Amino acid sequence: MSSESDFSKAEIGNGHRLFAGEWSFLSAAGSLESLPRPKGLEVAFAGRSNVGKSSLINALTGRRSLARTSNTPGRTQELIFFGGSSQLVLVDLPGYGYAAAAKSKVTAWTRLIHDYLHGRAALGRVYVLIDARHGLKTVDEAILDTLGKAAVSHEIVLTKCDQVSEAELAKCSDSVMRAIRKRPAAFPDLIATSARTGAGIPALRAAIARLMHERS
Ligand code: GDP
């Protein structure tokens with residue numbers, strides 16, 4: 001499991017600086033045609049509805065309500081782009097796996113994500129969020145399959161780690177690691193976070209800063 005100790009002090013500082021400035025909404029896209037022209041390195045966040053994706057984006061950017069936390073899972077069927085003072089663009093992918101979503105919505109979601117993931121040169125990595133209480137579900141395996149087929153670099157981020165004991169966290173982490181070892185495009189590590197306590201947020205920022213450094 002990646003933690004702050006896997007990054008040098010300088011990298012933690014780089015991560016901090018990368019996210020320190022003002023972040024704001026850039027645009028939303030509900031179709032391939034409405035995707036914005038790439039303007040830097042994109043890092044996207046995917047996860048089941050209610051996994052804590054909005055909360056994580058808000059924690060990363062230090063904003064209380066940049067990404068909308070919602071009580072109506074499955075509502076937003078758009079990709080949302082956020083920008084700050086650097087060349088980094090955060091992309092909030094629509095939540096998936098909402099049980100009550102109509103089949104047509106699922107198809108539209110799949111097509112939009114598929115279109116975005118294929119051939120988006122600016123996309124550096126997708127973080128796939130997994131609730132530490134629940135572990136990998138079938139719908140998560142489906143997005144991992146899609147990412148693998150598109151050969152998009154991706155890494156698992158566990159969310160809501162404040163809700164599980166250390167033993168449960170270790171168990172969840174082990175089973176996720178076992179599952180992703182079989183996937184060549186998956187980053188062979190994961191980051192455990194809590195938007196509530198801030199645990200893992202400096203490590204995730206540092207990982208993104210490292211990615212930017214590698215890609216520049
Ligand atoms: P999204 O649908 O994936 O964007 O999820 P949200 O960010 O809206 O979060 C869904 C619910 O989980 C909300 O009630 C949040 O308050 C809660 N939540 C999100 N992150 C955390 C966390 O790190 N710890 C705890 N305990 N709850 C969280």
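Source: prediction; values computed, not measured. If you read the sequence from its start, that first residue is 1, and numbering goes on from there. Reckoned from all heavy atoms, side chains included, excluding hydrogens, waters and symmetry mates. Counting starts at 1 for both ligands and their atoms, following the listed order.
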Quiz item: Are side-chain N/O atoms of Ser2 and Asp189 paired as donor and acceptor at under 3.5 Å?
Solution: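 Yes, because at least one side-chain N or O of Ser2 sits under 3.5 Å from a partner of the opposite role on Asp189.
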Quiz item: Do we see a donor-acceptor contact under 3.5 Å between the side chains of Glu168 and Ser165?
Solution: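 Per modelled atom types, Glu168 and Ser165 side chains form a pair under 3.5 Å.
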Quiz item: Which pair of non-hydrogen atoms, one from Ala132 and one from Val164, has the smallest distance, and what is that distance?
Solution: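 What the structure gives for the nearest pair is O-CG1, 3.9 Å.
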Quiz item: Among Gln163, Lys53, Lys160, which one has a heavy atom closest to atom 17 (C) of ligand 1?
Solution: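 Nearest heavy atom to atom 17 (C) of ligand 1 lies in Lys160.
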Exercise. Describe, in one word, how the ring planes of Tyr127 and Phe45 are oriented to each other, choosing from parallel (under 30°), tilted (30 to 60°) and perpendicular (over 60°).
Key: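 Correct class here is parallel.
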Quiz item: Would you say Cys161 has any N or O atom under 3.5 Å from an N or O of ligand 1, going by distance alone?
Solution: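 Looking only at distances, the answer is no, because the N/O contact criterion of under 3.5 Å is not met.
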Quiz prompt | Contact with ligand 1 for Gly47, non-hydrogen, under 4.0 angstrom | solution =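 Gly47: no contact with ligand 1 (<4.0 Å).
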Exercise. Mind checking whether Asp162 contacts ligand 1 via backbone (N, CA, C, O), side chain (CB onward), both or neither, at a 4.0 Å heavy-atom cut-off?
Key: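 For Asp162, the contact with ligand 1 is made by the side chain alone.
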